[in-house]
Amino acid sequence: MNIIRSLKGTHDILPEESNKWRKLESIIHEVCLQNGYNEIRTPIFEETSLFSRSVGEETDIVSKEMYTWADKDGTSLTLRPELTASVVRSFIQHNLSNQSPIQRLYYIGPLFRRERPQKGRQRQFHQFGIEAFGADNPEQDAEIIAVAWQILNRCGLTNDADLNLNNIGSLECRTNYKSALKEYLLPYLNDLSEVSQGRFKSNPLRILDTKSEKEQEILKSAPLISDYYSPEDKNHLEQLEEFLNGMNIPFKINEKLVRGLDYYSRTVFEFNSRILGAQDALLGGGRYDGLVKILGGKQTPGIGFAAGMERLLMIMNKERFSSEKLMPDIYFICLDQKGIHIALRISKDLREIGFKVITDPLRRSMKSQLREANKLGTRFALILGESEIQENSVSFKDLVNGTQKLILQSNVLKFFDDLIK
Ligand code: HAM
């Protein structure tokens, strides 16, 4: 019989890895809450139109990468390819703007994009992200970038990543700039790749972030978006730069950074890793002042980012994760069936006061249980044999230094409590 395997582009997170995941998650929860962001959890699937209306019909995500199917009643449903649209839907549906003029939300969860799998690119992957609604001032942008910075810094990644920043202007600025860019590119149309020729029609800005050297050469003398800024666009960027400098967050202005989702306006940014290969974007985000209205809500500015957790974990320094507080682990060896209920009770009580305790449901010999305890790196063993049962005691053994002593069963909790003081 064939063994069933996980699907292409999906991964199991096995126990040895899930420890790292939990630690990354705890950093995210801690930093987000510290900055006033509260967790939101939205469903994994939504109506397809939520994504086509927000991310944009012409984007790669919507046109090529979504897992979409018709439900039994004919409604088109999609596994979420990103979370900003879902968070905006929820923000509108639950009238969150009524609760306070600024809503700060964060999330952690799986997403689905049918991309060609490669290193750092999966079909099911995980993001954490934050979104802030209600303020269009640049200090809100600075706050969002500072949260990203703080999390990456806690993960030890800020030395190996560059923050690329751009302002893609308001809608009017972008419309004028797109015409100028198209005019400039027209004579080179035949030199562009098929993908870029398609983008020339649908979204010429996306040609700017081409990876092709030939196209980058052509773009060297292309018009710059900064020449099309309104005074407000210019002012927004200048103030943001000032705030980031004030917080000592290094960044590079990169006028070629446009991002692959249609909802952005003004600020866009990305943290790119210097160690990851082709898929080097660790975290990306930007301002989306028109999105709440596009999805049927009141005009509300918004800004946020999301980071790929697999990518962060690929380059996170493992040592950072080994500084877990040392807790004595206990392996409870019961050698007599009559003692099992005692072993189960004492183990449960020890766990309740915070110890990690392992028992052996295979009823194996003392030797093999001790071998198992050593394999797991357990510090202490408790041994309950026939004589201990008769004396209402249990033998304690320190597996590191070999110390052994007999303790009364009624004294076990106090004994371990004193041991860690
Ligand atoms: P995005 O740039 O599409 O933005 O994704 C953000 C991050 O998710 C990327 O920088 C990357 O680390 C990770 N990522 C994306 N696709 C994959 C994949 N196939 N496999 C592994 N990791 C991946 C968004 O999703 C926006 N919603 C971000 C945002 C929030 N903008 C405003 N608020």
Side-chain angles (χ1 to χ4, degrees), residues 7-11 13 24 32 37 40 42 46 50-51 54-56 59-62 64-67 79-91 103-133 140-141 143-145 147-148 151-152 155 157 161-164 166 168 206 209 257-273 275-292 295 301-316:
L7 295 168
K8 193 172 159 189
T10 70
H11 292 287
I13 298 168
L24 173 58
C32 288
Y37 287 74
I40 180 164
T42 61
E46 301 266 4
L50 174 65
F51 304 111
S54 55
V55 177
T59 59
D60 287 351
I61 297 179
V62 172
K64 297 192 245 172
E65 297 167 3
M66 294 204 303
Y67 285 95
L79 289 180
R80 61 187 189 194
E82 66 111 45
L83 260 149
T84 310
S86 304
V87 172
V88 171
R89 178 204 45 70
S90 181
F91 172 84
Q103 270 292 329
R104 293 181 171 93
L105 303 166
Y106 78 94
Y107 48 81
I108 302 179
L111 306 170
F112 309 85
R113 295 185 191 174
R114 201 178 189 291
E115 295 193 81
R116 198 166 41 80
Q118 63 181 79
K119 186 169 168 247
R121 190 159 77 187
Q122 293 90 243
R123 290 182 168 175
Q124 174 170 344
F125 62 101
H126 297 76
Q127 280 185 349
F128 73 86
I130 70 173
E131 314 288 349
F133 297 93
Q140 181 66 79
D141 309 32
E143 173 187 298
I144 291 275
I145 293 175
V147 175
I151 294 178
L152 293 181
C155 296
L157 297 178
D162 296 311
L163 168 56
N164 285 285
N166 193 13
I168 55 167
R206 284 301 313 277
D209 67 5
L257 177 71
V258 286
R259 312 258 311 125
L261 302 97
D262 278 357
Y263 48 61
Y264 293 116
S265 58
R266 289 204 172 138
T267 307
V268 289
F269 60 95
E270 243 173 46
F271 277 90
N272 299 87
S273 159
I275 359 188
L276 278 176
Q279 302 304 317
D280 66 351
L282 290 177
L283 179 155
R287 186 164 269 292
Y288 46 84
D289 290 346
L291 186 56
V292 176
L295 290 177
I303 176 167
F305 72 75
M309 295 172 71
E310 282 82 1
R311 291 191 193 174
L312 297 194
L313 286 163
M314 270 165 72
I315 52 168
M316 272 164 82

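When a ligand or atom number is given, it counts from 1 through the structure's own listing order.
Comparing Y288, F112, Y264, F125 against atom 29 (C) of ligand 1, the shortest heavy-atom distance belongs to Y264.
Taking a 4.0 Å cut-off on heavy atoms, G120 registers as neighbouring ligand 1. Using a non-hydrogen distance threshold of 4.0 Å, F271 does not register as a contact of ligand 1. Under a 4.0 angstrom heavy-atom cut-off, R259 registers as being in contact with ligand 1.
Protein heavy atom closest to atom 19 (N) of ligand 1, with residue, atom name and distance, is E115 OE2, 2.7 Å. In this structure, atom 30 (C) of ligand 1 lies nearest to the protein heavy atom T84 OG1, 3.0 Å. Nearest protein neighbour of atom 32 (C) of ligand 1, counting heavy atoms only, is G304 O, 3.2 Å. In this structure, the protein non-hydrogen atom closest to atom 10 (O) of ligand 1 is A281 O, 3.3 Å. Among all protein heavy atoms, the one lying closest to atom 20 (N) of ligand 1 is Q122 N, 3.0 Å. The protein heavy-atom contact nearest to atom 27 (N) of ligand 1 is E82 OE1, 2.6 Å. Considering only non-hydrogen protein atoms, atom 26 (C) of ligand 1 sits nearest to Y263 OH, 3.4 Å.
At least one donor-acceptor pair under 3.5 Å links the side chain of R113 to the backbone N or O of P81. Judged by distance alone, the side chain of S54 and the main-chain N or O of L50 form a donor-acceptor pair under 3.5 Å. With hydrogens and angles ignored, the 3.5 Å screen pairs no side-chain donor or acceptor of E115 with any backbone N or O of P117.
Those atoms of ligand 1 that come under 4.0 Å of a heavy atom in Q127, given as number and element, are 5 (O), 6 (C), 7 (C), 8 (O), 24 (C), 25 (O). Interface atoms of ligand 1 facing Y107, defined by a heavy-atom separation under 4.0 Å, are 30 (C). Within the listing of ligand 1, atoms 10 (O), 28 (C), 29 (C) sit less than 4.0 angstrom from a heavy atom of G284. Using a 4.0 Å cut-off to heavy atoms of G285, the atoms of ligand 1 that qualify are 31 (N). Ligand-side atoms of ligand 1 in range of F305: 29 (C), 30 (C), 32 (C), 33 (N), range being under 4.0 angstrom from any heavy atom. Counting atoms of ligand 1 from 1 in the listed order, those under 4.0 Å from a heavy atom of E131 are 30 (C), 32 (C), 33 (N).
For the pair L157/S273, no side-chain contact is recorded, criterion being any heavy-atom separation below 4.5 Å from C-beta on. Taking the side chain as every heavy atom from C-beta outward, L312 and L152 approach each other to under 4.5 Å.
Qualifying salt bridge (Lys or Arg N to Asp or Glu O under 4.0 Å) partners for K8, counting only residues two or more places apart in sequence or in other chains: none.
Contacts of L282 with ligand 1, taken as heavy-atom pairs under 4.0 Å, involve the backbone alone. By the criterion of a heavy-atom distance under 4.0 Å, the backbone of L283, and not its side chain, is placed next to ligand 1. Of all the heavy atoms of E270, none lies under 4.0 Å from any atom of ligand 1, so neither backbone nor side chain is involved.
The shortest heavy-atom contact between F305 and F128 is CE1-CE1, 3.6 Å. Between L83 and Q127, the shortest heavy-atom distance links the atoms N-OE1, 4.4 Å.
No side-chain donor from either of H11 and Q122 sits under 3.5 Å from a side-chain acceptor of the other. A side-chain donor from one of Y288 and E131 sits under 3.5 Å from a side-chain acceptor of the other. With hydrogens and angles left out, the side-chain atoms of Q124 and Y67 include no donor and acceptor closer than 3.5 Å. Defined by atom type and a distance below 3.5 Å, a donor-acceptor pair is missing between the side-chain atoms of T59 and D262.
The shortest N or O to N or O distance between E310 and ligand 1 is not under 3.5 Å. Residue-to-ligand polar distances keep A306 apart from ligand 1: every N/O pair is separated by 3.5 Å or more. The distance criterion of under 3.5 Å between nitrogen or oxygen atoms is met by G308 with respect to ligand 1. For the pair R121 and ligand 1, the shortest N or O to N or O distance does not fall below 3.5 Å. In terms of polar-atom proximity, L261 is not counted as a contact of ligand 1, lacking any N or O under 3.5 Å from an N or O of the ligand.
The number of heavy atoms from other shown groups lying within 6.0 Å of CZ (R114) does not exceed 12.
Residues R266 and D289 are not paired through a salt bridge, judged by the lack of any N-O separation under 4.0 Å between the basic side chain and the carboxylate. Ion pair R104/E143 flagged as a salt bridge, since at least one NZ, NE, NH1 or NH2 atom sits closer than 4.0 Å to an Asp/Glu carboxylate oxygen.
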